[in-house]
J.: 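Here's a structure for you.
In what follows, chains carry the letters A, B, and so on, assigned in the order in which the sequence lines appear, proteins first and then strands, with residues in each chain numbered from 1.
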Amino acid sequence: MRSRSVVSMAAVAVVGALTLTGCGSSSSGGGGLKADSGSGGGSKTYTIAFEGPLSGDNAQLGINEVNGVELAIEQANADKSLGFKLKLLKADDVGDPAKAPAAAATVIQDTNVMGVVGPSFSGATQAVGGKYGDAGIAIVNPSASNGELQDQGFKTWHRVIPNDYAEGPAAADWLAKSVKKVIVVSDKSAYGDGVAGAVSKELKAKGVTVIEQAADATATKDYGPIAQTVKSSGAEALFYAGYDAQGAQFAKALKAVDYTGVRMSGNGVKSDVFTKGAGDAGNGWYFSCGCADATTSSTAKDFAAAYKAKFNTDPSTYSPEAYDAANIVIQAIKTAKGKGSVTRSSVNDAVSAIDYKGITGDIKFGSNGDLPEGSGVVNLYQDENGTIKSLGDITKAAAAK
Amino acid sequence: MSTPASTGEVVYDVRNVTLRFGGVVSLNDVNLQMFRGEILAVIGPNGAGKTSLFNSLTGVYTPQEGTIMLAARAGDVPVSAIGKKTHVINHLGVARTFQNIRLFPALTALENVKVGVETRMKSGPIASMLGLPRQRREERESTERAFELLRSVGLAARANELASSLAYGEQRRLEIARALGTDPGVILLDEPAAGTNPAEKRELAALIQQINAERGVSVLLIEHDMKLVMSVAHRLVVLNFGQKIAEGSPEQIQKDPAVVAAYLGTTTEEASELVGTASVTKIDTDLDLTEGDV
Amino acid sequence: MHEFLNYVVLGLTRGSMYALIALGYTLVYGVLQLINFAHSEVFMSGAFGSYLVVNAVTHDGAHPAWYGVIGILVLGLGSGAAVGAAVAYGLERVAYRPLRRRGAPKLAFLISAIGASFFLSQLAGKLFNRLNNNDFPTYFNVNHHVVAVAGVTVSLVQAIIIVSALVMMLFLDTMVNRTKLGSSIRAVAEDAPTAALMGIDIDKTIARTFIIGGALAGAAGFLFGTAYFFSNTMGFIPGVKAFAAAVLGGIGNIRGAMLGGMLLGLIEVLLPTFPWWHATGLIGIQWTDVVAFLILVLILVLRPTGLLGEKLGRAA
Amino acid sequence: MSTYTDVTKGGGQSRRSDAAEARIALAKRFAGCMFLAFVLALMIGTQEGTQDDFGYAFRKSVFAPRIGIFALIGVAVFLAVTFWPRIVPYLSRAGVRPLAAGALTVVVSFTLLNWTDSTDLNNGKFGGLRPAAAQTGGIDPVARLFFGSAFSLTPWLLLLIVVALVAAAIRFEDSSTLGYVGGGLAIVFGIWAQYAQSAVRSFLDYPDHSTGAGVALLGFVTIGVSGIVVARSHGKADSGGFFQRVYDWRPGMPLVALGAVVGLVGLFSAAWFSPTDRNAGIGLTSTMFHGTGLSGFSAAYLAWLAYVLFFATLILAGAASYLRHHLLGWVAAGLGVVSLLVTLYVMHDFSGLAAQSKFDGATGAWDNLGTGGWMLCGALTVLAGAGYLVARHEQVEVPDAAPGVSSDAALAAGSKLGPALLVVIIASALFFPPTATQFWQTVLVTEIGIYVLLAIGLNVVVGWAGLLDLGFIAFYAIGSYTTAYLTGRLPVKPPSFLELTPLAAIPFAIVICLVAGVLLGAPTLRLRGDYLAIVTLGFGEIIRVVANNSTPVTNGSRGAFNIPPPEIHIGPLDIKWGDNVLGYWYLLLVFVVIVVLLFNRLEHSRLGRAWAAIREDEVAAQATGINTVRVKLLAFAIGASTSGVAGVYFASQIGSFTPENFILNNSILVVAYVVFGGMGSLPGAMAGAAVLTWLPEFLRDQVPAEDRQMWIGAVILLMMIFRPAGLIPARRRRAELGGLDKKDSSETTAVPAGEGM
């Protein structure tokens with residue numbers, strides 16, 4: 001009896017151990033590349049990877065992004081003149097720095113991968129930015145907004161959004177024109193803390209009284225007490241640094257206590273998820289965003305329509321950014337192909353040199369991989385009865401006040 | 001019937017102890033002296049407070065009133081047992097067994113005894129992890145001593161069996177061996193014969209006397225089986241409703257009308273009539289029906 | 001002063017929610033001495049189930065007359081309770097009973113419940129959606145002030161939560177104390193072997209305990225969804241908090257769970273939120289969990305079996 | 001699932017007629033099976049809907065014709081469960097279990113595993129490789145035949161043939177011929193599969209880490225063994241008995257056989273040199289490096305010495321096992337070790353040479369190596385182990401438990417296969433990871449290894465001392481933050497004399513975690529069971545929230561980053577871990593081995609027994625003189641410090657972390673790993689952590705990413721239902737369960753007691 005169980009245990013262990021390698025998706029990394037080997041003739045297939053949370057608590061953000069990437073790839077593949085085929089590799093890192101290396105390894109060891117959109121979160125980016133750099137894969141990041149990432153020496157770093165330090169101060173300047181007491185609420189995520197920190201700092205520099213508060217996103221999602229606190233604080237304006245779904249809850253709670261001050265937020269909240277979720281409670285919210293007006297440019301409208309048609313839901317936070325990031329990689333592969341060879345390094349070079357008109361704005365990368373300082377115009381938006389209207393350049397709006 | 005081996009030194013000196021649970025008085029002004037080297041039996045009907053007394057003596061319960069002084073080993077200075085933790089009292093030289101056997105079922109018989117033996121040893125976790133010489137020596141000593149104890153209770157052949165797989169009577173003896181492993185001056189046995197057959201009871205009686213005579217351990221015994229009590233005890237104390245109603249030699253107790261009354265639920269007068277006619281065995285059969293005095 | 005009272009109302013609302021979930025923990029703990037870790041998913045499924053029903057009978061912006069609103073609320077509570085009860089019963093059959101029959105170690109129950117919890121939460125996500133802000137249709141004005149005295153306001157939804165929580169707790173307390181089912185639950189909680197000897201069917205009693213606890217959690221899911229939002233992962237945090245509340249009050253003790261829930265809600269809202277604290281700049285809402293857990297630890301160190309003690313039988 | 005309860009219900013109080021009762025039970029079982037099928041239909045169904053289309057997936061999943069298929073599955077399960085009692089007697093027959101295991105293994109290799117690393121061919125699965133190979137003319141016809149150039153279902157047919165033959169041999173109990181034929185054929189087919197795959201591989205010119213063919217070989221060999229078992233048992237005993245007899249007969253033999261198979265594959269089939277565009281077997285490697293300045297010794301090794309060494313070791317080990325000759329055993333072990341070292345030297349030599357010339361982007365020695373050399377190393381380790389076992393065999397067999405022999409040793413001696421299994425585990429731990437893909441290497445060092453370490457630590461607290469700790473991850477966090485602090489990567493800087501490399505932070509982390517463990521434990525350890533659980537849970541949350549909120553100290557939600565990799569500078573030893581993932585694996589292995597060795601001693605020491613005692617019966621333990629508070633505190637502190645070591649390793653390996661890494665869910669998961677593996681059993685806890693961290697990564701390719709947690713939940717649930725004591729139950733825990741069964745199987749006692757855990 002005993003020995004039998006030992007034997008069967010051993011068998012299971014051995015099979016399990018062998019299975020371990022069996023299911024790695026694809027070939028070994030190593031530095032060298034040989035993308036063209038394999039299927040001879042016909043159009044070649046390149047892979048664009050997405051790394052971000054596709055499961056776990058932060059999955060929604062990753063799904064928003066991967067949908068954008070998927071849409072971009074589908075549209076590119078529909079274009080007969082492309083000359084190559086594109087595939088999407090989804091690498092789920094659960095938004096966790098600890099899981100990011102494994103996710104990155106699936107990307108790196110697939111020699112067909114020419115560029116990666118992601119990782120979605122700054123923490124995960126910290127963990128694997130160097131690895132992608134060593135493998136020569138271009139990173140085009142749609143959402144990791146930590147203002148220190150560009151200085152980490154990642155060799156292939158690019159980011160299509162302004163970092164925390166770009167978006168916050170502009171919003172603070174605009175607020176400082178009209179109010180003297182502001183309550184800044186962070187959701188205690190890395191993004192929220194980054195933006196909240198930047199806003200508070202600028203407000204204080206302008207002599208505005210700042211109350212800093214936090215609504216821990218992982219705690220009970222009951223925004224009643226924080227809304228009551230906002231009201232009781234007597235602040236003339238509120239800045240919420242966080243994401244859209246929670247923002248909508250917060251907006252509803254604020255309405256429940258009849259808070260009448262200026263309510264403002266950043267890029268993380270400016271989405272249809274917020275306007276729909278908050279309903280009339282979101283009416284009048286301002287957003288600062290370093291992104292182009294999605295309602296006026298026709299490409300952006302097309303994107304929103306195509307997204308809705310494909311995924312049966314509205315584009316949400318960072319969907320447009322991810323769509324742009326994927327299109328940048330596609331564009332770069334085209335450029336590299338035009339110049340001769342498509343390799344990871346040639347694609348990376350093409351990404352670095354790109355000048356791309358995206359739905360979130362004109363995108364060029366500075367020497368550190370970020371949008372060059374001052375190039376990104378920060379715009380002001382407002383929720384008017386459920387639709388987000390652009391109010392133009394925020395610095396001009398501030399000047400006009 | 002063996003003669004008392006008492007030296008006159010007091011092991012346990014219980015004075016005016018009262019223990020209450022909410023409104024229920026479990027022990028009421030109990031006075032008791034136990035002398036070194038004797039076998040003292042505590043008897044009484046169910047609910048008389050015997051186990052409460054045991055628990056008070058070993059630090060499980062803290063009586064509200066009274067004093068309990070303890071000098072378990074020869075030459076000890078008496079110290080108060082009240083308010084001390086159970087394991088501290090054990091270290092002072094008091095070991096016990098339980099009415100409903102409480103072994104460590106998933107350990108072997110040998111390991112059960114070793115647990116007891118090793119509470120007197122010193123080597124710590126680091127010594128154990130590194131396998132330092134002292135730890136090895138202690139390990140060897142504890143195994144040898146545990147084996148010696150198992151042999152003395154007749155379980156040497158079953159040393160490597162799990163405690164849960166031993167027969168009932170064997171488990172009773174293993175519990176005694178484990179208690180002896182802590183090298184006690186006093187051992188408290190809580191109904192050691194409950195659930196055992198007559199042959200086992202005889203063995204048990206012999207074992208108790210042997211422990212008392214050869215190891216010089218004082219024995220405090222709770223037992224319902226009168227035959228066993230009368231055959232081994234030097235002295236008896238009778239409790240009823242938390243109060244001590246009688247104390248004396250087995251012969252005296254058998255004839256005490258108050259005791260008979262307590263057992264038969266009659267008045268003392270009626271009982272004194274009975275004493276004349278009823279034999280000890282009669283009382284025995286009447287009493288041995290039940291167990292379970294929690 | 002009116003601000004303070006407003007916070008009290010908020011604390012009571014949150015506390016009612018905790019209490020409703022905590023009751024399920026406590027009931028199951030009472031009879032099985034087990035933490036039902038999957039209870040939070042029962043809560044979640046109640047929200048999803050009641051949404052399906054409520055969404056079928058009404059829609060956004062429909063503002064039925066007051067009796068219509070009450071009808072929908074009752075329907076929502078009922079369907080939430082029904083779904084919660086069904087899921088809880090399924091849990092008992094699948095994740096607990098087989099283990100009970102094998103005499104599995106206590107931790108195995110905990111882990112099977114955790115497995116079930118992962119499974120249920122992700123299955124709901126797969127079947128419905130994984131968005132974290134699903135809303136019930138707005139068929140009435142949740143913010144309508146039922147009480148507005150001197151700046152103290154109680155909104156309709158707060159009133160609904162507090163009142164339904166109180167009603168359900170009273171119902172449960174009466175049931176456990178006055179009915180035959182209640183007495184068999186108490187008997188099993190007190191001493192299962194003896195209860196079995198007295199002819200009580202243990203399996204049936206345990207199953208019914210799960211059903212009752214599940215119904216309460218399911219109804220709580222509906223209330224939570226109406227007040228805030230619902231999602232497939234909504235159960236975890238309130239579940240942990242309600243577990244803490246149950247322990248705080250003395251796990252296995254029905255009145256303890258109510259007290260613990262209310263108290264925890266008040267502690268969480270009053271201590272870190274109230275302005276006089278964060279005026280000092282030392283403490284803010286982000287410290288809620290730290291304060292709540294520190295107080296919990298403190299109370300347990302002082303009273304190791306919770307505020308009201310352990311026994312289901314004793315308090316009930 | 002739910003059907004189980006009905007099967008075992010037995011003895012209800014109601015006095016209905018037996019027939020009626022049986023009918024009701026059957027109906028219940030049927031309902032249960034259909035429910036199972038329904039749930040399965042939901043699990044395998046379409047992905048989620050949206051806010052507008054709520055319940056989309058639900059509708060898709062339950063509508064015809066899909067649901068019909070699952071209903072059929074439900075019926076099949078029902079039939080299987082109903083007729084299970086009739087199948088059981090067959091299962092215990094000799095050969096049945098290995099046959100089933102082998103067939104299953106082959107099916108797995110045909111369906112789930114990769115047969116090549118190329119992603120172009122249907123992700124390298126058999127299903128993609130098979131048609132491609134069958135149609136490609138350039139491949140050896142024998143190989144093509146295997147893949148189905150004549151008949152496309154050939155591989156499946158081969159499997160069917162051998163299974164049918166062996167099954168027939170089992171059915172007709174005295175037919176040993178059928179058993180031999182079936183078994184022999186199976187082994188031939190296995191070699192054929194291996195050959196066919198290697199032909200395709202050399203054609204494709206991809207580096208190869210795939211295991212499909214190897215596993216197929218293993219499966220076929222298992223079927224072959226089952227055929228031989230059948231032939232030799234004549235229906236007398238079960239398979240386990242047979243293996244036990246083989247082992248008793250010649251203890252080293254199973255290892256020798258395994259070593260022979262692996263070594264032969266390594267020498268004759270696998271690639272030794274494998275840059276991105278070629279796969280060179282040992283022969284081709286020898287030719288390639290001819291005249292490139294490779295040292296004469298290495299050249300000789302590649303040309304002929306490798307074969308000589310391997311076969312000499314094999315023959316010696318085989319002879320030693322067969323003759324049970326101690327001296328021969330020692331010689332075989334010695335030769336095995338020497339050959340192993342030589343092999344490693346040669347591998348280093350030629351890969352280093354290739355790297356010197358920057359061949360194919362290699363950055364250093366050990367790059368671009370194929371699997372062959374590592375397989376040979378593994379085989380040699382196994383053979384050396386076999387020799388060692390033979391040499392030590394008699395000495396191990398102590399005559400019956402005499403006084404003075406530790407009881408644990410006596411019990412452990414009951415498992416004779418243990419040492420052999422240990423040899424296999426050592427060989428695979430050392431030489432399997434280098435053959436894995438980069439992805440699996442990363443998973444191994446960033447997830448599996450770390451959680452194994454954590455599980456070992458928590459096992460002390462939960463498994464041995466019986467304290468439910470739901471905040472264990474807090475100590476891991478403390479270890480990580482300690483490392484970040486001491487390497488100067490937090491906003492608060494350490495005094496300059498304290499600025500350390502990560503490995504030097506280990507003692508500090510251990511001490512700080514010990515202190516933290518004691519600080520948490522001292523006031524709370526008198527709480528029992530679930531009260532302790534909520535307090536530890538609270539502690540874990542407090543640590544995380546404090547870390548998240550104290551931005552000036554801990555950098556708040558952004559966490560710490562750029563933590564340097566570990567390095568060692570002691571005298572001549574100068575190692576710096578960098579990007580090479582494998583380096584971390586061996587570092588981790590050192591940690592795990594040290595901890596396991598120490599804890600193994602601890603388990604069988606005074607303290608280990610004291611833990612068992614308080615876990616089993618705290619009152620009795622106290623009455624026996626155990627200071628329960630002190631003993632519990634020790635458990636807490638020792639567990640915490642292990643967790644702290646894991647934290648140090650984690651921080652310096654990943655290089656960055658945020659408070660999100662220390663969420664409550666992770667604490668719960670570690671508890672789940674320990675219990676899943678088998679509480680209180682060191683191998684169990686490790687296996688549990690390994691399996692449950694491996695599973696989600698394995699599922700990456702099998703199910704949608706979003707659903708992985710659902711499947712893991714289901715696996716945990718099933719495990720607890722069918723094997724509540726865990727994967728590898730502890731001896732002591734098993735006894736507890738067994739004891740319960742024996743004492744009283746009535747329903748009432750199954751209600752767990754309220755006390756302790």
Side-chain angles (χ1 to χ4, degrees), chain A residues 1-4 6-11 14-34 37-39 54-55 59 90 92 96-99 101-102 105-106 108-112 122-123 126-127 131 134 146 152 188-190 193-194 216 218 311-313, chain D residues 50-53 97 101 105 112-114 117-120 123-124 206-207 209-212 214-215 239-240 243-244 276-277 360-361 415 417 421 428 432 435-440 442-443 446-447 548 556-559 561 579 654-658 660-661 694 697-698 701 705-706 708-709 728:
Chain A
M1 186 63 210
R2 174 186 191 92
S3 62
R4 190 190 305 147
V6 170
V7 169
S8 58
M9 223 66 229
V14 171
V15 172
L18 287 167
T19 317
L20 202 71
T21 34
C23 296
S25 51
S26 72
S27 57
S28 101
L33 303 169
K34 199 157 164 295
S37 56
S39 52
L54 297 174
S55 59
K90 296 180 187 179
D92 177 15
D96 178 350
K99 298 230 164 37
T106 61
I108 293 168
Q109 72 181 1
D110 186 340
T111 48
N112 287 333
S122 300
Q126 291 281 8
K131 290 188 203 296
D134 292 341
N146 185 322
Q152 304 294 316
K188 290 313 289 176
S189 68
D193 273 353
D216 195 332
T218 57
F311 302 109
N312 196 16
T313 182
Chain D
T50 66
Q51 216 149 16
D52 304 328
D53 197 357
R97 281 161 199 263
T105 311
L112 291 181
L113 301 187
N114 282 10
D117 280 355
S118 163
T119 47
D120 289 345
N123 279 332
Y206 266 98
H209 302 86
S210 69
T211 48
V215 173
S239 329
F243 289 123
Q244 194 61 54
T276 47
D277 61 347
D360 201 48
S415 155
L417 291 179
L421 206 57
S428 3
F432 182 67
T435 70
T437 56
Q438 198 188 351
F439 169 69
W440 281 112
T442 313
V443 169
T446 58
E447 285 171 50
N548 203 31
S557 52
R558 292 158 173 230
F561 44 87
D579 289 335
I654 307 281
S656 71
F657 60 87
T658 68
E660 287 268 299
N661 286 112
W694 163 79
E697 303 303 335
F698 172 75
D701 285 355
E706 303 90 315
R708 290 183 297 166
Q709 218 191 7
I728 308 175

J.: May I ask you to name which of A:S122, A:A98, A:A59 has the most heavy-atom pairs under 4.5 Å with chain D?
T.: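 Counting heavy-atom pairs under 4.5 Å, the top option is A:A98.
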J.: Taking A:A127, A:A105, A:P97 one by one, which has the highest count of heavy-atom pairs under 4.5 Å against chain D?
T.: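 So the answer, after comparing A:A127, A:A105, A:P97, is A:P97.
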J.: So what's closer than 4.5 Å to chain A heavy atoms on D:Q709: side chain, backbone, both or neither?
T.: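 Neither part.
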J.: Enter the distance from A:D193:CG to D:N548:CG here, rounded to the nearest 0.5 Å.
T.: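 One gets 6.5 Å once the value is rounded to the nearest 0.5 Å.
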J.: For the NZ atom of A:K188 and the CD atom of D:E660, what is their distance to the nearest 0.5 Å?
T.: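 Nearest 0.5 Å value for the NZ-CD distance: 12.0 Å.
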J.: Could you tell me whether the side chain of A:D96 reaches within less than 4.5 Å of the side chain of D:N661, counting heavy atoms only?
T.: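 Sidechains of A:D96 and D:N661: in contact.
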J.: A:K131 versus chain D, heavy atoms under 4.5 Å apart: side chain, backbone, both or neither?
T.: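 Neither the backbone nor the side chain of A:K131 comes within 4.5 Å of chain D.
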J.: To the nearest 0.5 Å, what is the distance between CG on A:N146 and CZ on D:R558?
T.: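 Result: 4.5 Å between the selected atoms.
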